[in-house]
Participant: 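Before I ask anything, here is the structure I am working with.
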Amino acid sequence: MGTRTRKHRSRKKRITLALAPVAALAVAIPLMNSAGAATASEVTADCAADSDKLENCEFVDVQFKANSLGPNQRVSPVTNNCGNTTAASKEFAVSTSVTRSIELEDGFTVEGGTKLASSVFEVGVQFSTSEINITRDEKTTGLSFSRTDTVQPDSIAFFMWSAKRTDVSGFLRATYKEEQDGQKVFFSPSEGATSVHVFYPQILKNGTPDGRLWLRNVKCGTPQANGILNSENSIRVEPGLDEAGANVTDVEIPLAEINPV
């Protein structure tokens, strides 16, 4: 009789242990389902589109870097001195412009007048100082001038530009008008993240963009020169200053030498 009792207790204990994980899983499922009604991508899309569902959308800055260089851009037509054994003095017409930009997920842009654009403007106020003046809004600031420079023998030449800007990174905080699963505030990509970038162009005291400007000479007959000439002078991604290799000569031009028109 005593032996049967011990077996009965042992069986009850095994049943209890088997049920415990099932009960824990049943509790975890609804918790996971309620862990955020708006995904990071949805928050980004709603903020970019200034959705009517939003009460507000703010850019929250976390860190910044002044004098961050923008993309390398060709900013003058290409002058061709191929086949000539002597240098040539040529006039170059140079033109470029800068504007504030907001880097969200691929494919998303933010237009002026939105809640997010207004927040970005306000955040920019703290980064505009007597030492560094920045463009906080969408207004375009340009640099345009003509200049005579030397094109090397058997070379093509053109001007390159990389704008200086203050790179402020952080995240988006969206407040929805209606609660979603018990909450109204959501973040993109996450609270405290630094993957949303706002680039505020830096402006010189004379009102023109600050940046690096250089004259680039490329030897004719090289893959670099052929690529540019075969593209019919269309804009291509170019290496930075002194980064284009042995067939390329770069000469930086101080902006103090430039007289904008």
Side-chain angles (χ1 to χ4, degrees), residues 64-82 84 86-101 103 124 127-168 197-220 222 224-225 227-229 231 233-261:
F64 77 98
K65 178 182 178 183
N67 297 317
S68 172
L69 291 172
N72 304 306
Q73 301 174 315
R74 192 191 316 151
V75 292
S76 79
V78 175
T79 297
N80 190 329
N81 195 35
C82 292
N84 295 318
T86 59
S89 183
K90 299 287 185 179
E91 184 175 23
F92 292 84
V94 180
S95 180
T96 186
S97 62
V98 296
T99 188
R100 184 201 66 194
S101 61
E103 187 179 280
F127 295 101
S128 190
T129 65
S130 57
E131 292 80 21
I132 296 180
N133 180 41
I134 63 171
T135 297
R136 299 190 298 276
D137 56 26
E138 285 187 310
K139 294 177 182 177
T140 299
T141 303
L143 176 67
S144 181
F145 64 92
S146 294
R147 176 186 171 96
T148 299
D149 273 285
T150 300
V151 183
Q152 294 178 354
D154 197 30
S155 298
I156 61 172
F158 48 90
F159 271 89
M160 292 288 300
W161 165 264
S162 178
K164 286 185 181 180
R165 44 193 199 171
T166 296
D167 175 4
V168 183
H197 292 262
V198 181
F199 297 106
Y200 299 91
Q202 295 174 192
I203 307 300
L204 296 171
K205 291 182 179 179
N206 65 6
T208 61
D210 193 4
R212 303 188 78 175
L213 178 72
W214 66 97
L215 177 65
R216 170 161 289 174
N217 274 269
V218 184
K219 286 293 184 184
C220 296
T222 62
Q224 296 96 318
I228 293 169
L229 295 174
S231 68
N233 295 341
S234 63
I235 300 301
R236 307 174 344 130
V237 175
E238 299 283 353
L241 179 66
D242 295 328
E243 295 176 350
N247 298 317
V248 178
T249 302
D250 290 335
V251 178
E252 186 167 10
I253 310 298
L255 294 183
E257 294 183 10
I258 303 303
N259 296 311
V261 295

Participant: Between G124 and I134, which heavy-atom pair has the shortest distance, and what is it?
Facilitator: O-CD1, 3.3 Å

Participant: Measure the CD1-CG distance between I258 and L204 for me, rounded to the nearest 0.5 Å.
Facilitator: 11.0 Å

Participant: Drop me the distance from S68's OG to H197's NE2, to the nearest 0.5 angstrom.
Facilitator: 9.0 Å

Participant: Could you pull out the closest heavy-atom pair between D137 and K139, with the gap in Å?
Facilitator: OD1-N, 3.1 Å

Participant: Apply side-chain contact (heavy atoms from CB on, under 4.5 Å) to residues R100 and E138 and explain how you reach the verdict.
Facilitator: CA-CA 6 Å; R100 184 201 66 194; E138 285 187 310; 3.5 Å; yes

Participant: Can you tell if the side chain of F159 reaches within under 4.5 Å of the side chain of L213, non-hydrogen atoms only?
Facilitator: yes

Participant: For V218 and A225, work out which heavy atoms get closest and say how close.
Facilitator: CG1-N, 3.6 Å

Participant: How many angstroms lie between atom OG of S76 and atom CZ of F145, to the nearest 0.5 angstrom?
Facilitator: 8.5 Å

Participant: For the CZ atom of R165 and the OG1 atom of T135, what is their distance to the nearest 0.5 Å?
Facilitator: 12.5 Å

Participant: Taking K219's backbone N and O only, do any of them form a donor-acceptor pair with Q224's side chain (distance below 3.5 Å, no angle check)?
Facilitator: no

Participant: How many angstroms lie between CE in M160 and CZ in R74, if you round to the nearest 0.5 Å?
Facilitator: 7.5 Å

Participant: Excluding sequence neighbours, so at least two apart, what forms side chain to side chain donor-acceptor pair (under 3.5 Å) with N80?
Facilitator: none

Participant: Looking at residues at least two apart in the chain, or sitting in another chain, which of them share a ring-ring contact (aromatic ring centres under 6.0 Å, His included) with Y200?
Facilitator: none

Participant: Might you point out which heavy atoms bring P77 and A93 nearest each other, and give the distance in Å?
Facilitator: CD-O, 3.4 Å

Participant: Under the side-chain contact (heavy atoms from CB on, under 4.5 Å) test, which residues partner T99, sequence neighbours left out?
Facilitator: T140

Participant: Side-chain donor-acceptor contacts of residues 148-156 below 3.5 Å, not counting sequence neighbours, with atom names and distances?
Facilitator:
residue, atom, partner, partner atom, Å
D149, OD2, R147, NE, 2.5
D154, OD1, G83, N, 2.8
S155, OG, P153, O, 2.9

Participant: My understanding is that only residues two or more places apart in sequence, or in another chain, count here; which of them pass side-chain contact (heavy atoms from CB on, under 4.5 Å) with L69?
Facilitator: S162, K164, R212

Participant: If you compare all heavy atoms of P239 against all heavy atoms of N72, which two are closest, and at what distance to 0.1 Å?
Facilitator: C-ND2, 3.5 Å

Participant: Taking it one step at a time, do T96 and Q73 satisfy side-chain contact (heavy atoms from CB on, under 4.5 Å)?
Facilitator: CA-CA 9 Å; T96 186; Q73 301 174 315; 3.8 Å; yes

Participant: Under the salt bridge (charged side-chain N to carboxylate O under 4.0 Å, His left out) definition, can you give me all pairs with a residue in residues 240-250, not counting sequence neighbours?
Facilitator: R216-D250

Participant: Taking atom CZ as the centre, does F64 end up with more than 12 heavy-atom neighbours from other residues, nucleotides or ligands that are less than 6.0 angstrom away?
Facilitator: no

Participant: Given side chains that start at C-beta, do those of V168 and T166 come closer than 4.5 Å, heavy atoms only?
Facilitator: yes

Participant: Do any N or O atoms from the side chain of T208 and from the backbone of L143 form a donor-acceptor pair under 3.5 angstrom?
Facilitator: no

Participant: Give the intermediate values and the outcome of side-chain contact (heavy atoms from CB on, under 4.5 Å) for residues K205 and N133.
Facilitator: CA-CA 8 Å; K205 291 182 179 179; N133 180 41; over 6 Å; no

Participant: State the CZ-CG distance between F92 and L215, to the nearest 0.5 angstrom.
Facilitator: 5.0 Å

